[in-house]
Amino acid sequence: MRSFPFALLPLIAALAFAPALLRAGESGGAKTGDAPPASAPAERGGAGAPQPAPSPAKPGVAPERPKPPSIFDRLFGRRAGGPEAPRGVGAGEGADAAAGGASRGVDRRGGDIAPHPSKLTFPPLKFTPPKPGEFRVKLKSGAVLYVAEDHELPTLDVTVTIRAGNFYHNERESHGLAEAVGALLRSGGAGRWSREQMDEELDFAAASLATSIGDDQATVSLSCLMKDAPLCLEMLGAVLRDPRFDAEEVRKHKARTIEGLGRRNDSPPEVLAREFEALAHPDHPMSWNVRKPAVEAITRERLLAFHQAWFSPGNTIWAISGDFDAKDMAARVEALLAGWTAEGAVKPRLPAPPGPGRPGLYLIEKETNQGYVAIGHSGIKRDNPDYHAVQVMNFIFGGGSFTSRIMSRVRSDEGLAYSVYSRVGAGDFYEGTMEIGFQSKSATVAYAAKIILEEVRRIQSEPATDQEMESAKSALIERFPSFFPSRKATMDAFAALDYYHRPRDWFDTYRDRIAAVTKEDVMRVATAYLRPDQFTVVVVGKSADLLAGDNVHDASLPALFGKPTVLPLRDPLGSNF
């Protein structure tokens, strides 16, 4: 027996209802004498709108009835006796008529419409950032608070930053201990709660409590409804002061971590980022990776010792916002920290800055039909006087997405890469990393790299155009309010100023310093901070294909960057990480 053709059901249904729709159209869709509801809006050309007086009928001739809408009129939104209703942007002549000629450049409200989006004009952006000092509170315990009331929603948001992390720990053989503490502060249980009990309480309250530790800071964050604030703040206090590091949770964390280490060669971008950092910042915590022996050596006692060494009230900065009274919240935090002593707490000290990178061409052997490329060297610190000029230069060169020079040439003009970018990292404690990145077919990697080097030389020797300067400075200035989209984000930004010892007027002067950048500044900082002779070039892919090129363009990786060093993928669980 043949199966029923269910795919034809929509067509059968349309044909079945067509006669009914046609009959409805012939009768006008309503019975004689029916009137629209009094509250119905008056649509142009529709029921409820003021209708013109009927023309007098000729003797002996019946008045002409308006043509009923066809089934297609009803299905696609056209009205009887009137223009086609607009179906969205670009609906055609019917939409133009329904809009009263707006698409022809005439605003129904009497104004003009720009002929092209590029011709739109806007009033100058006026935004005055709040002052950090207006929200800063120093507690008796030594903790610093940035606290702001926000009564739009009955919620509470807290972010606690602790001066702890890999940089401060600075022990190569136990690198990874800090991350373990960051994960297990919460998942290892705290105070009177096991992990399961804490999960249950937080889930019931629709709240979140998260913890982490990175290179230069530890973070504990809380989000909840104000009605649940007493319980949730108690949990946050327990996580900060009294983590349990339950043995079973420690065991499971170690197993998950080792399993993840075994997969860290799977993703070419991950391999690229890891190897580039290792060569750009050799033998420094900035480029260290977690090793399997270090994970296996983690014990509950070592986790507790790390916590005791780095967690103390005076080593915390709080960013708090929500539906509360600011003085009352400060008192709550003071009570939360009362009696917390950490006699073993040490004064954080950073390791020495990283040494110079290792320039040259490095090919990381991996079976893939593309080349994943990172080119660069050390960047700058945020307190560098050239910081703002570097931001403008980088926007023009490669940081401005589709408006940038290397994106225009490598992607738009040549079609060699889907994405190509540059960034000049500005670190607070160390110089960041200047990096140019892209991925392309193995055969065209060299040609794309050649174009990028041409653009490096051009931005160092040719002034930027007026349009480039205007676009870069406008983008950087006009995105400024996005630093403060909410009270929570504002308090977080102020806490970061405090944590990284940035000037109090950082936000006040940012826009003026961007606006003051000149074309000469752009060329000067491009020459100073883009140094091709010091480039570390790392390419992940099949080395034979990368070196062969495309036999079309006069470009090869060795000709651009020198003799390559071909490196195998490192054993993800080996001791050479």
Side-chain angles (χ1 to χ4, degrees), residues 175-176 255-283 286-295 357-377 398 406-407 410-411 414-423 433 435-453 535-577:
H175 189 77
R256 287 192 301 267
T257 302
I258 292 173
E259 182 183 358
L261 295 183
R263 297 193 300 267
R264 55 184 170 182
N265 280 346
D266 294 354
S267 167
E270 183 180 348
V271 173
L272 177 68
R274 180 185 73 220
E275 301 301 336
F276 179 70
E277 282 296 325
L279 292 162
H281 306 289
D283 305 319
M286 292 178 71
S287 62
W288 287 350
N289 298 289
V290 179
R291 295 171 173 172
K292 182 182 177 182
V295 178
R358 295 175 181 166
L361 173 61
Y362 300 86
L363 306 182
I364 311 299
E365 194 68 44
K366 185 169 177 60
E367 191 70 22
T368 175
N369 61 0
Q370 296 191 78
Y372 297 78
V373 185
I375 303 170
H377 47 57
I406 60 174
M407 175 69 89
V410 175
R411 171 176 165 146
E414 300 290 343
L416 300 175
Y418 179 78
S419 175
V420 56
Y421 65 89
S422 71
R423 60 170 171 259
T433 305
E435 180 182 353
I436 303 165
F438 68 93
Q439 65 186 68
S440 183
K441 291 186 299 182
S442 299
T444 56
V445 164
Y447 182 47
K450 181 180 179 181
I451 292 173
I452 287 171
L453 290 181
F535 276 164
T536 296
V537 182
V538 180
V539 188
V540 176
K542 294 173 66 175
S543 58
D545 294 345
L546 293 166
L547 294 173
D550 61 1
N551 297 319
V552 176
H553 302 95
D554 182 19
S556 74
L557 290 174
L560 295 171
F561 304 111
K563 183 179 178 180
T565 299
V566 180
L567 302 174
L569 281 174
R570 290 188 277 177
D571 179 359
L573 297 178
S575 60
N576 63 339
F577 252 78

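Along the sequence shown, residues are numbered consecutively beginning with 1.
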- Task: Would you please name every residue forming a ring-ring contact (aromatic ring centres under 6.0 Å, His included) with His281, sequence neighbours left out?
- Result: none
- Test log, rule salt bridge (Lys or Arg N to Asp or Glu O under 4.0 Å), inputs Arg274 and Glu270: CA-CA 6 Å; Arg274 180 185 73 220; Glu270 183 180 348; 5.1 Å; no
- Task: Could you list the residues that satisfy side chain to side chain contact (heavy atoms under 4.5 Å, CB included) with Leu416, not counting sequence neighbours?
- Result: Val410, Glu414, Ser440, Thr444, Tyr447, Ala448, Ile451
- Query: So, for Val290 and Leu261, which heavy atoms are closest and what is the spacing to 0.1 Å?
  - Reply: O-CD2, 4.1 Å
- Minimum-distance pair of heavy atoms, taken over all atoms of Leu547 and Pro564: CD2-CG, 4.1 Å
- To the nearest 0.5 Å, what is the distance between CG (Leu569) and CG (Asn265)? 4.5 Å
- Message: Run the salt bridge (Lys or Arg N to Asp or Glu O under 4.0 Å) test against Arg570 and tell me which residues pass, sequence neighbours left out.
- Response: Glu275
- Item | Atom pair CD/CG of Glu277 and Leu272 - distance to nearest 0.5 Å | 10.0 Å
- Query: Between OG1 of Thr565 and CG of Leu279, what distance do you get to the nearest 0.5 Å?
  - Reply: 9.0 Å
- Report the C-alpha distance between Tyr372 and Val271 in whole Å, list the side-chain angles of each, state the deciding distance to 0.1 Å, and finish with yes or no for side chain to side chain contact (heavy atoms under 4.5 Å, CB included). CA-CA 9 Å; Tyr372 297 78; Val271 173; over 6 Å; no
- Message: Using a 6.0 Å cut-off, check whether atom CG of Asn576 has over 12 heavy atoms from anything other than its own residue.
- Response: yes
- Item | Rounded distance (nearest 0.5 Å) linking atom CZ of Arg263 with atom CG of Leu573 | 11.0 Å
- Task: Could you pull out all residues at least two apart from Arg291 that satisfy salt bridge (Lys or Arg N to Asp or Glu O under 4.0 Å)?
- Result: Glu173
- Between Pro282 and Gly357, which heavy-atom pair has the shortest distance, and what is it? CD-CA, 4.0 Å
- Closest approach of Gly262 and Pro572, non-hydrogen atoms and distance? O-CG, 3.9 Å
- Item | Side-chain donor/acceptor of Arg411 to backbone N/O of Ala417, under 3.5 Å | no
- Task: Tell me, yes or no, whether the heavy-atom count around Lys441 atom NZ, taken from other residues, nucleotides or ligands under 6.0 Å, exceeds 12.
- Result: no
- salt bridge (Lys or Arg N to Asp or Glu O under 4.0 Å) filter on Arg256, not counting sequence neighbours, yields none
- Item | Spacing of CG belonging to Leu546 relative to OG belonging to Ser442, to within rounding of 0.5 Å | 4.5 Å
- Should Val420 and Ile452 count as side-chain neighbours, where that means a heavy-atom distance under 4.5 Å? yes
- Query: Could you walk me through whether Lys366 and Lys542 pass the side chain to side chain contact (heavy atoms under 4.5 Å, CB included) check?
  - Reply: CA-CA 6 Å; Lys366 185 169 177 60; Lys542 294 173 66 175; over 6 Å; no
- If you round to the nearest 0.5 Å, how far is CG of Asn289 from NE2 of His175? 6.5 Å
- Before giving the answer on side chain to side chain contact (heavy atoms under 4.5 Å, CB included), spell out for Arg264 and Phe577 the whole-Å C-alpha distance, their side-chain angles and the decisive distance to 0.1 Å. CA-CA 11 Å; Arg264 55 184 170 182; Phe577 252 78; 3.5 Å; yes
- Task: Specify the closest pair of heavy atoms between Phe438 and Tyr421, including all atoms of both residues, with the distance to one decimal.
- Result: N-CE2, 4.5 Å
- Should the ring pair His377 and Phe535 be called parallel, tilted or perpendicular, given that the plane angle runs from 0 to 90° and is split at 30 and 60? parallel
- List in chain and number order the residues that pass salt bridge (Lys or Arg N to Asp or Glu O under 4.0 Å) with Asp283, two or more places apart in sequence or in another chain; answer none if no residue qualifies. Arg358
- Task: For Leu361 and Phe561, work out which heavy atoms get closest and say how close.
- Result: CB-CB, 4.0 Å
